[in-house]
Amino acid sequence: MEGPAEEEKKKDVFKLSHDRLSVQEVVEAVTSTSCGAISIFIGTTRDSFEGRKVIGLEYDAYEAMVQSELTKLSVDIRARWPIVEHLCVHHRLGWVPVGEASVVIAMSSPHRHDAQQAVQYCISSLKASVPIWKKEVYETDGACWKENAECSWGGAKDREVGLVMKAEESTTGEAGPKLMSPESIDYFQSL
């Protein structure tokens, strides 16, 4: 007679990628025979914002800190929803054209309610505390670094200058955030 099946170890998967995100890869990362629910959030690039035609988004990140913050977030999620079996967060960096995914989050749990709540909490918390920056690129009006409304280290929603210096104004010629506001620096130093 065989002994009881070994309990599957819970796993957390985080990935930053310059390549197109695969929803199937994220789903496979959280699939478990002990779970009856997989909840997914897919954030995509929309084609307009406040009457301006968007042609794409560009993401940059403080990659070492992203991993640290996502690990803290997974610990928080597991404390709030201990029944969540697996969680996976993939976030795109670099250029993301209209219609493509910027972020894919999935979680599995025995029942849907816990996974659904945990996914919603995850995307809101990610936007509030994980240092990933987004620049909207417009068809005719240039581009603008955007601050999430949930962002805990900034001072104003959708501020064009302050959280980071716009790439167009950078003297280095490199794309991506160059300077953080004093509020951002204080926030990161407090961690």
| task | Please determine, by modelled atom types, if Gln24 and Glu28 share a side-chain donor-acceptor pair under 3.5 angstrom. | result | yes
| message | Side chains of Gln120 and Ser124 only: does a donor on one sit below 3.5 Å from an acceptor on the other? | response | yes
Restricting to non-hydrogen atoms, name the atom on [X] and the atom on [Y] that form the minimum distance, rounded to 0.1 Å.
| X | Y | answer |
| --- | --- | --- |
| Ser102 | Leu57 | OG-CD1, 4.0 Å |
| Leu93 | Ala61 | CD2-CB, 3.7 Å |
| Gly56 | Val98 | N-CG2, 4.1 Å |

| task | Check step by step if side chain to side chain contact (heavy atoms under 4.5 Å, CB included) holds for Arg78 and Leu87. | result | CA-CA 9 Å; Arg78 294 199 178 283; Leu87 67 91; 4.1 Å; yes
Is any side-chain heavy atom of [X] less than 4.5 Å from a side-chain heavy atom of [Y]?
| X | Y | answer |
| --- | --- | --- |
| Tyr62 | Ile132 | no |
| Pro97 | Thr45 | no |
| Trp133 | Trp145 | yes |
| Val89 | Val13 | no |
| Val137 | Val54 | no |
| Leu21 | Val26 | no |
| Arg92 | Val104 | no |
| Gln67 | Leu16 | yes |

Can you tell me how far the [atom1] atom of [X] sits from the [atom2] atom of [Y], to the nearest 0.5 Å?
| X | Y | atom1 | atom2 | answer |
| --- | --- | --- | --- | --- |
| Lys134 | Cys144 | NZ | SG | 10.0 Å |
| Ser108 | His86 | OG | NE2 | 5.0 Å |
| Ile83 | Asp114 | CD1 | CG | 5.0 Å |
| Met107 | Ile38 | CE | CD1 | 12.5 Å |
| Phe14 | Glu69 | CZ | CD | 11.0 Å |
| Ile105 | Leu70 | CD1 | CG | 8.5 Å |

| task | Establish whether Ile123 and Ile40 are linked, either directly or via other cluster members, by ILVMFWY side-chain heavy-atom contacts under 4.5 Å. | result | no
| query | Does one hydrophobic cluster hold both Val30 and Ile42, with members joined at side-chain heavy-atom distances below 4.5 Å? | reply | yes
[X] (side chain) donor-acceptor with [Y] (main chain) under 3.5 angstrom:
| X | Y | answer |
| --- | --- | --- |
| Ser74 | Thr71 | yes |
| Lys11 | Ala29 | yes |
| Lys10 | Val84 | yes |
| Arg112 | Ser39 | no |
| Arg46 | Phe49 | no |
| Ser22 | Glu25 | yes |

| task | Kindly determine whether Gln117 and His113 satisfy side chain to side chain contact (heavy atoms under 4.5 Å, CB included), including the steps that lead there. | result | CA-CA 6 Å; Gln117 286 185 328; His113 186 72; 3.1 Å; yes
| query | Hey, is Lys72 close enough to Asp76 for a salt bridge, meaning N to O under 4.0 Å? | reply | no
| Does a side-chain N-to-carboxylate-O contact under 4.0 Å join Asp60 and Lys135? | no
| message | Using side chain to side chain contact (heavy atoms under 4.5 Å, CB included), reason through Cys122 and Ile77 one step at a time and then give a plain yes or no. | response | CA-CA 7 Å; Cys122 184; Ile77 288 168; 3.7 Å; yes
| request: Validate the cation-pi geometry between Arg52 and Tyr138: distance from NZ or CZ to the six-membered ring centre under 6.0 Å, angle to the ring axis within 45°. | output: yes
| request: Show your reasoning for whether side chain to side chain contact (heavy atoms under 4.5 Å, CB included) applies to Glu85 and Ser32. | output: CA-CA 8 Å; Glu85 189 68 24; Ser32 172; 4.0 Å; yes
| field | ring-ring contact (aromatic ring centres under 6.0 Å, His included) assessment of Tyr121 paired with Trp81 | value | CA-CA 10 Å; Tyr121 180 81; Trp81 295 277; 5.4 Å; yes
